[in-house]
Amino acid sequence: MAEMKPVEDVLLVVDVQNDFMPGGALAVARGNEIVPVINRLARAFSHVVLTQDWHPRSHVSFAANHAGRKPFETMTLPYGEQVLWPVHCVQDTEGSALHRKLHVPHARLVVRKGHHERVDSYSAFLEADRVTPTGLGGYLRDVGATRVWLAGLATDYCVAWSALDARAAGFEVNVIEDACRAIDLNGSLDQAWRDMQAAGVKRVRSEDILKERETT
Ligand code: VGL
Ligand code: ZN
């Protein structure tokens, strides 16, 4: 019989970057409200991983790189349907920087995704071609992680895709709903929660985790 492995928790903080904040290039409504929630959650986890959306300026997901296309339209690319976004999270710009009030000094790893010019990556695990790994799955297996807790932006894109891929990779997955905010484009938020529920992703609230994990 296989040996029982102890539960190893990792908090995965997705894309808490300036361009996703109110006033940013791809603003998520009330995205700023999650920063203090995440700071508090992070203190209850010894293992935290951050992600950054990290695009070259020539990135295929930017409407501006397709003649006659506008942001929030969709376009068929070799790997499937792609939403065309405003230019956002360009590598090493103010917009791609983490929110300056995000305070997670003990974060162990920052995963940058969406760096391939021709392929987007909402998921922190697999790029949008659905075959190219970012390496995060291997990292989490290597460090013995068994359970992943997700927070960040946006619920219905990068958080949901990461949650689904984490499940597919065999992790137990919880999305902390009040530590996330959504873009909600054409019903994408409802769809994301349906998909996550169907995949066995649990929907939890930060107060429940903090009650259990915070010591005085
Ligand atoms: C995201 C759209 C485009 C996200 C990133 O972080 O959810 N959404 N790039
Ligand atoms: Zn992006």
Side-chain angles (χ1 to χ4, degrees), residues 11-35 37-38 49-66 69-75 77 79-99 102 110-130 132 134 136 148 150-166 173 175-193 195-196 201:
L11 177 66
L12 182 60
V13 177
V14 176
D15 297 2
V16 182
Q17 292 167 273
N18 293 328
D19 271 343
F20 297 123
M21 296 296 159
L26 179 39
V28 178
R30 301 162 62 206
N32 55 312
E33 294 176 2
I34 68 173
V35 174
V37 180
I38 291 173
V49 172
L50 311 177
T51 72
Q52 274 180 301
D53 210 36
W54 199 254
H55 302 308
R57 196 168 289 281
S58 55
H59 196 245
V60 71
S61 79
F62 297 165
N65 293 329
H66 303 275
R69 295 305 192 117
K70 291 196 186 62
F72 308 107
E73 292 178 2
T74 56
M75 182 176 182
L77 294 180
Y79 56 78
E81 286 293 293
Q82 170 72 49
V83 179
L84 297 177
W85 302 106
V87 174
H88 66 279
C89 295
V90 172
Q91 294 168 352
D92 206 23
T93 59
E94 192 51 31
S96 62
L98 296 168
H99 189 289
L102 184 71
V110 181
V111 178
R112 289 170 166 174
K113 61 185 180 58
H115 46 79
H116 287 128
E117 183 181 57
R118 305 260 126 233
V119 188
D120 205 0
S121 192
Y122 297 145
S123 165
F125 292 84
L126 272 188
E127 299 193 30
D129 61 6
R130 313 307 297 141
T132 307
T134 62
L136 179 59
V148 178
L150 283 116
L153 302 172
T155 321
D156 43 346
Y157 286 94
C158 292
V159 173
W161 286 54
S162 298
L164 292 169
D165 284 350
V173 182
V175 172
I176 310 165
E177 62 176 343
D178 58 310
C180 301
R181 290 291 184 277
I183 294 174
D184 203 10
L185 196 61
N186 307 314
S188 56
L189 182 58
D190 283 344
Q191 187 63 51
W193 282 121
D195 293 346
M196 289 192 281
V201 172

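This one's a predicted model, so the numbers in the text were calculated from it and none came from an experiment. Atoms considered below: every heavy atom in the structure, side chains included; atoms not considered: hydrogens, waters and symmetry mates. Counting starts at 1 for both ligands and their atoms, in listed order.
The Zn ion (ligand 2) has His55 among its coordinating residues (N/O/S atom, backbone or side chain, under 2.8 Å). When distances to the Zn ion (ligand 2) are checked against a cut-off of 2.8 Å, His88 contributes an N, O or S atom below that limit.
Counting only N and O atoms by type, the side chains of Asp120 and Gln82 include a donor and acceptor under 3.5 Å apart.
Looking at heavy atoms from C-beta onward, Val60 lies in side-chain contact with Tyr79 at the 4.5 angstrom threshold. Two residues are said to be in side-chain contact when any heavy atoms from C-beta on lie closer than 4.5 Å; Asp156 and Gln191 fail this criterion.
Summary: OD2 is the N/O/S atom of Asp53 found nearest to the Zn ion (ligand 2).
Ring pair His59/His55 is parallel by interplanar angle, where below 30° counts as parallel and above 60° as perpendicular.
Arg57 and Asp92 are not joined by a salt bridge, as no carboxylate oxygen comes within less than 4.0 angstrom of a charged side-chain nitrogen.
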Would Asp129 and Arg118 count as a salt bridge (charged side-chain N to carboxylate O under 4.0 Å, His left out) here? Give the steps.
CA-CA 10 Å; Asp129 61 6; Arg118 305 260 126 233; over 6 Å; no

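Ring-centre distance between His88 and Phe20: below the 6.0 Å cut-off.
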As a test of reading the model: which N/O atoms of the protein lie under 3.5 Å from N/O atoms of ligand 1, and at what distance?
from     : atom 1 : to     : atom 2 : distance (Å)
ligand 1 : 6 (O)  : Asp15  : OD2    : 2.7
ligand 1 : 6 (O)  : Leu153 : O      : 3.3
ligand 1 : 7 (O)  : Ala154 : N      : 3.0
ligand 1 : 7 (O)  : Cys158 : N      : 3.0
ligand 1 : 9 (N)  : Asp53  : OD2    : 3.0
ligand 1 : 9 (N)  : His88  : NE2    : 3.1

